[in-house]
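Chain letters run A, B, ... following the sequence lines, proteins first, then strands; residues in each count from 1. Below, all heavy atoms of this structure are taken into account, side chains as well, without hydrogens, waters or symmetry copies.
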Amino acid sequence: MVQTHKTRLDFPLGLFSAAGRRLTLCCTPINSKPQTQVRLTMSEKGSVNNDTKDQNTSDLEIVNSDLTVDELSREVQDTLSVSQRHKFWETQPVGQFKDLRDASLSEGPIEPPTPISEVKQEPYNLPNLYEWVTCDLSSADTCAEVYNLLSNNYVEDDENMFRFNYSKEFLQWALHPPGYYKTWHIGVRVKSSKKLVAFITGIPARMRVRSEIVSMAEVNFLCVHKKLRSKRLAPVMIKEVTRRVHLENIWQAAYTAGVVLPTPITSCQYWHRSLNPKKLIDVGFSRLGPRMTMSRTLKLYKLPDSPVTPGFRKMELRDVPAVTRLLRAYLLQFVVAPDFDELDVEHWILPKEEVVDSYVVESPEDHEITDFCSFYTLPSSILGHPTHSILKAAYSYYNVATKTPLVQLMNDALIAAKQKDFDVFNALDVMHNETFLKELKYGPGDGKLHYYLYNYRLKQILRPSELGLVLL
Amino acid sequence: MFDWQQYAQSILFGLLFSFLLAKLFSIIFSFRDQNLRIIRANSDDEELQENKESGVDVSMDYSGSDEKQPLIVRQKDNEVIDSDDDDDDEEDSDDDWEGVESTELDEAFSAATAFVAATAADRSSQKVSSDLQLQLYGLYKIATEGPCTVPQPSALKMTARAKWNAWQKLGAMPPEEAMQKYIEIITELYPTWAAGSSSKKRGENANERSSNDSRPMGPVFSSFIHEEESDELKLDAIHAFAREGDNENLIKCVEAGIPVDIKDSEGRTPLHWAVDRGHIETTELLLSRNADVNLKDNEGQTPLHYAAVCERESIAELLVKKNAATDIKDDDGNYPFDLSDSKWPWIQPQAPSLDR
């Protein structure tokens, strides 16, 4: 008994009390060790309580008298934000934190498909002033509306210095892959003014999870107008896109987030390679350390004027079969990866001006395509800078090297991007990217990107290098 | 046959009765001890409904009488749910979006409930009669859920029953009226509640949440982590002032007798640093204090090399005007001209070089 009492007092009182609230709510804390310990102690405490009432009462009094109102309300708020953040996802068929150590759960769909006739046929309710619309991105007007909504309201960095500025051409490319569903491009308009105030999309994709090919939706471009953020539209948007995905008899989805939700299949890290260091420093994307000179920084990131690999050239339509073969073979080694056919490769990999760039290495001797690399163009608005307004970033997409060393291939990709006037080349540590990042002078970024599957459970959290998927 | 039936029936009744008795005892004990664990077990198996109720009861001292303890404990575990009842999205129901168009009344009401939740945590706050607590509870339920439709709880659960009665007796009162009354009661009890810190905190919290909301899923904007390089570089204060363009302190250093061309461990003079960071006035200042314009760093580079690499055109012009040599090669064999992408003609070395 004394032992138990001691254990209790060892915990910081604040944490103890907050964890108590969390526990009473039965909501899952982020899986960190200290909290797990608290949970254990709580149940220990519970069992003790039944026969040692006096001790327990005094314990509670200690807790209470040591807490000021401020501390208490801060805890309540901490607890609130934790529970609120996950409340929605805990009702969804996604891997839950509490299931992580449960070996009895099998891999695969969490909920079986229901007959389509049982899927809710009418859209979820929106507040009266708003209405659902389907956005036809092939209409120039609609595309411009979506572009405006996103370029003014989409993802920003923590300091609000940059905001993604996906181009119209990019949006059309990203949302019109082979077999796309118009109904999955969902907007919310103000009924009276017809102003577009929110947006979310899904696109179909065949995903391979281990040996299983699963039809999935890739959900992306969730954006709510800044002025409507407090209205918590996001959950109903997610539910509506889910409903429309279900109506097409598709029951799984893949998505990413910068925050930890229940439960990532893997957590990746962004890396950045300066191409135009001076501009990056000027606009605050990177900083010049007090002991570093600009002169040396510029020298460090200098690249040759043109790619060095013989036979390195822009990918063309005729390369689609060869690139598809290379890519399919390459992606087989990852636990989760898209299942691309030639149509997909033609859409996703074939170069499109200002959207996606791809290069192949064609052997000068036998004209075999032995390697290819690709990156997509995602500029960002630079907010409130006197001289620069756009940061031009290249994002590493799919790269396969069978003959050229991957480091050399990716160095040529950097050179190609530099030639095209990109300011920075970004890459996640997915696939084999880790093997070239440091050597090619990428530096770690402050952004983490977590990958998720909806209604599909994986037994373990993957290493980034086990993931063969890049979501735009 | 008949005997068997009777036997089974009496066993059933016996079990039922002992279960209820055990339950009653456990409830009583748990209330006595403020035992959170038992409360939780309670809500798990039989009082899920209760758990969703809001903690509208205004707080009393923890040292208050035993009968009142249960209300507090319950309220503590409801608190968390309470404050976000207004944007509840845990159910699949279509009324998620009720209250999305929040009116002023809605906002005042949720501020009031937040205030109550915060006050409930404050054991020094004044006592409120349980009648009033029950009244607030009823109004809260009407405001958030409408008329009472849940079945009457068992008479053994006195608290639950009292709460249910408080809710039920308000009948079909319109939610707006309930909100209004709720706010009135709170205002009567705590005339200054609206100005209280708790409502301010609530506001901050809402802001944080909205920033969280802004990216629940999707891509992430990442930029470089600022890394402090653990370079062995040693530099003097005068170099740092030149680097930062701090002319005032720079002059003080020079006037205090620090050599204007003093080198750091990489052989850079203050002039190198001023040029590197693009401080043209500092450059002028150093030159006016007779800084040597052509000193090389450890890699053989002059300030003009720096100006060329960093594309600092006006500074390069200034240096050339102050007799910076355009024909000094660095250790890699490059003239300043070779290092600049812009290839300004006026830094082209005058003498045709042999190795070009």
Restricting to non-hydrogen atoms, name the atom on [X] and the atom on [Y] that form the minimum distance, rounded to 0.1 Å.
X      : Y      : result
A/D157 : B/F221 : CB-CD2, 3.5 Å
B/R312 : A/M294 : NH2-CE, 3.5 Å
B/S222 : A/G445 : OG-CA, 3.4 Å
B/V309 : A/L298 : O-CD1, 3.2 Å

Side chain, backbone, both or neither of [X] within contact of chain B (heavy atoms, under 4.5 Å):
X      : result
A/Y451 : neither
A/I238 : side chain
A/Y154 : side chain
A/I281 : neither

With B/F224, which residues qualify under ring-ring contact (aromatic ring centres under 6.0 Å, His included), at least two apart? A/H272, A/F285

May I ask you to say whether A/R291 pairs ionically with B/E266, meaning some side-chain N is under 4.0 Å from a carboxylate O? no

With the threshold set at 4.0 Å, does a side-chain nitrogen-carboxylate oxygen contact exist between A/R296 and B/D297? no

Most contacts with chain B, counted as non-hydrogen pairs under 4.5 angstrom, among A/Y270, A/Y255, A/F164: A/F164

Under a 4.5 Å heavy-atom cutoff, which of A/S286, A/A393, A/S274 has the most pairs with chain B? A/S286

Quick one: what part of B/E311 sits under 4.5 Å from any heavy atom of chain A, side chain, backbone, both or neither? both

Can you confirm whether A/K227 is buried at NZ, in the sense that more than 12 heavy atoms of other residues, nucleotides or ligands lie under 6.0 Å from that atom? no

Is there side-chain contact between [X] and [Y], with at least one heavy-atom pair below 4.5 Å?
X      : Y      : result
A/S295 : B/H305 : no
B/C310 : A/T293 : no
A/L471 : B/P219 : no

Start with the C-alpha distance between A/V219 and B/M217, add both sets of side-chain angles, then the distance that settles side chain to side chain contact (heavy atoms under 4.5 Å, CB included), and finish with yes or no. CA-CA 9 Å; A/V219 175; B/M217 57 156 62; 3.8 Å; yes

Check the pair A/K299 / B/D330 against salt bridge (Lys or Arg N to Asp or Glu O under 4.0 Å), numbers first and verdict last. CA-CA 13 Å; A/K299 254 185 277 173; B/D330 67 12; 5.7 Å; no

Could you walk me through whether A/K302 and B/D341 satisfy the side chain to side chain contact (heavy atoms under 4.5 Å, CB included) test, starting with their C-alpha distance in whole Å, then the side-chain angles of each, then the deciding distance to 0.1 Å, before giving a yes or no? CA-CA 11 Å; A/K302 205 147 186 85; B/D341 289 337; 3.6 Å; yes

Checked B/H239, B/E244, B/E299, B/H272 vs chain A; the most non-hydrogen pairs under 4.5 Å come from B/E299

